[in-house]
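Shown next, in structure tokens, is the structure this report addresses.
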Amino acid sequence: MSVSDLKKAEKIYNDILGFRITNSSYSGAMFFSAGGYHHHIGANTWYSKKNVLRNDNSLGLTGFTIYLPDKEFIESVKNNADQAGIQVDNGKSDIAIKDQDGNEIRLVS
């Protein structure tokens, strides 16, 4: 997915969501994974402008959902987001946060 800043993407996907960085050796790209897979999420700045948020007319990804086996992990992410000052939208069995570029990440148990 296209992001405006890799360090900010690292903060969300690594620090808040708990994905591990599996590769950061490509110029302008970073890859994140859970469970040792080569990558579940790839972020790059190849076609983005720094600090420019997408609007309703922009093309590309606007969000995604991650399905988890238990609510404990969701609580952990919620706590991480709260500590980082990131707004958390709470649902009955899910939460949603937005990354630095406005992509919604919904976690469902």
Side-chain angles (χ1 to χ4, degrees):
M1 82 182 119
S2 183
V3 298
S4 61
D5 186 293
L6 289 177
K7 285 292 182 193
K8 290 179 180 178
E10 180 179 352
K11 177 79 174 163
I12 295 289
Y13 296 102
N14 182 253
D15 299 348
I16 305 299
L17 293 173
F19 285 93
R20 297 294 154 235
I21 298 169
T22 57
N23 194 328
S24 61
S25 63
Y26 292 95
S27 179
M30 190 172 287
F31 299 89
F32 304 91
S33 171
Y37 189 65
H38 59 86
H39 76 276
H40 291 97
I41 298 171
N44 71 70
T45 58
W46 300 330
Y47 299 106
S48 61
K49 297 176 184 173
K50 280 201 177 285
N51 301 320
V52 176
L53 291 176
R54 263 185 241 107
N55 62 42
D56 290 341
N57 296 323
S58 298
L59 296 177
L61 182 74
T62 60
F64 57 92
T65 301
I66 300 171
Y67 293 91
L68 301 164
D70 59 56
K71 288 184 179 185
E72 291 174 9
F73 187 81
I74 290 176
E75 284 301 314
S76 172
V77 170
K78 182 181 176 190
N79 291 335
N80 292 344
D82 286 341
Q83 289 176 2
I86 296 170
Q87 181 180 336
V88 177
D89 294 328
N90 294 294
K92 281 187 172 184
S93 62
D94 66 336
I95 64 169
I97 64 171
K98 289 191 177 182
D99 72 7
Q100 74 280 359
D101 296 303
N103 293 311
E104 183 180 80
I105 305 144
R106 183 162 299 281
L107 302 173
V108 178
S109 67

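With K78 as the partner, the side-chain contact (heavy atoms from CB on, under 4.5 Å) test is satisfied by one option alone out of L107, N90, I86: N90.
Taken together through direct or relayed side-chain contacts under 4.5 Å among Ile, Leu, Val, Met, Phe, Trp and Tyr, F31 and I105 form parts of separate hydrophobic clusters. Linking Ile, Leu, Val, Met, Phe, Trp and Tyr residues whenever their side-chain heavy atoms come within less than 4.5 Å places L68 and L17 in a single cluster.
Rounded to the nearest 0.5 Å, atoms NZ (K71) and CD1 (I95) are 12.0 Å apart. Atom CG of N44 is separated from atom CE of M30 by 11.5 Å, given to the nearest 0.5 angstrom.
Between Y13 and F64, the two ring planes are parallel [angle under 30°; tilted spans 30° to 60°].
The backbone N or O of F73 sits less than 3.5 Å from a side-chain atom of D70, completing a donor-acceptor pair.
Counting heavy atoms from C-beta outward, F32 and I21 have side chains that approach closer than 4.5 Å. Counting heavy atoms from C-beta outward, N14 and R20 have side chains that approach closer than 4.5 Å. The shortest distance between side-chain heavy atoms of T45 and V3 falls below 4.5 Å.
The minimum heavy-atom distance linking D101 with S4 is given by the pair OD1-OG, 2.6 Å. W46 and A29 make their closest contact through CZ2-CB, 3.6 Å (heavy atoms, listed as atom of the first residue, atom of the second, distance). What you find for I97 and A81 is that their closest heavy atoms are CG2-CB, 4.3 Å. Between H39 and S33 the shortest heavy-atom distance is CA-CB, 4.0 Å. Between I16 and V77, the shortest heavy-atom contact is O-CG2, 3.8 Å. Smallest separation of non-hydrogen atoms from K98 and I12: O-CD1, 4.2 Å.
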Discussion item. Go through it in stages, so that I can follow the logic: the residues are I66 and F19, the test is side-chain contact (heavy atoms from CB on, under 4.5 Å), and I'd like the CA-CA distance, side-chain angles, deciding distance and then a yes or no.
Written reply: CA-CA 12 Å; I66 300 171; F19 285 93; 3.8 Å; yes

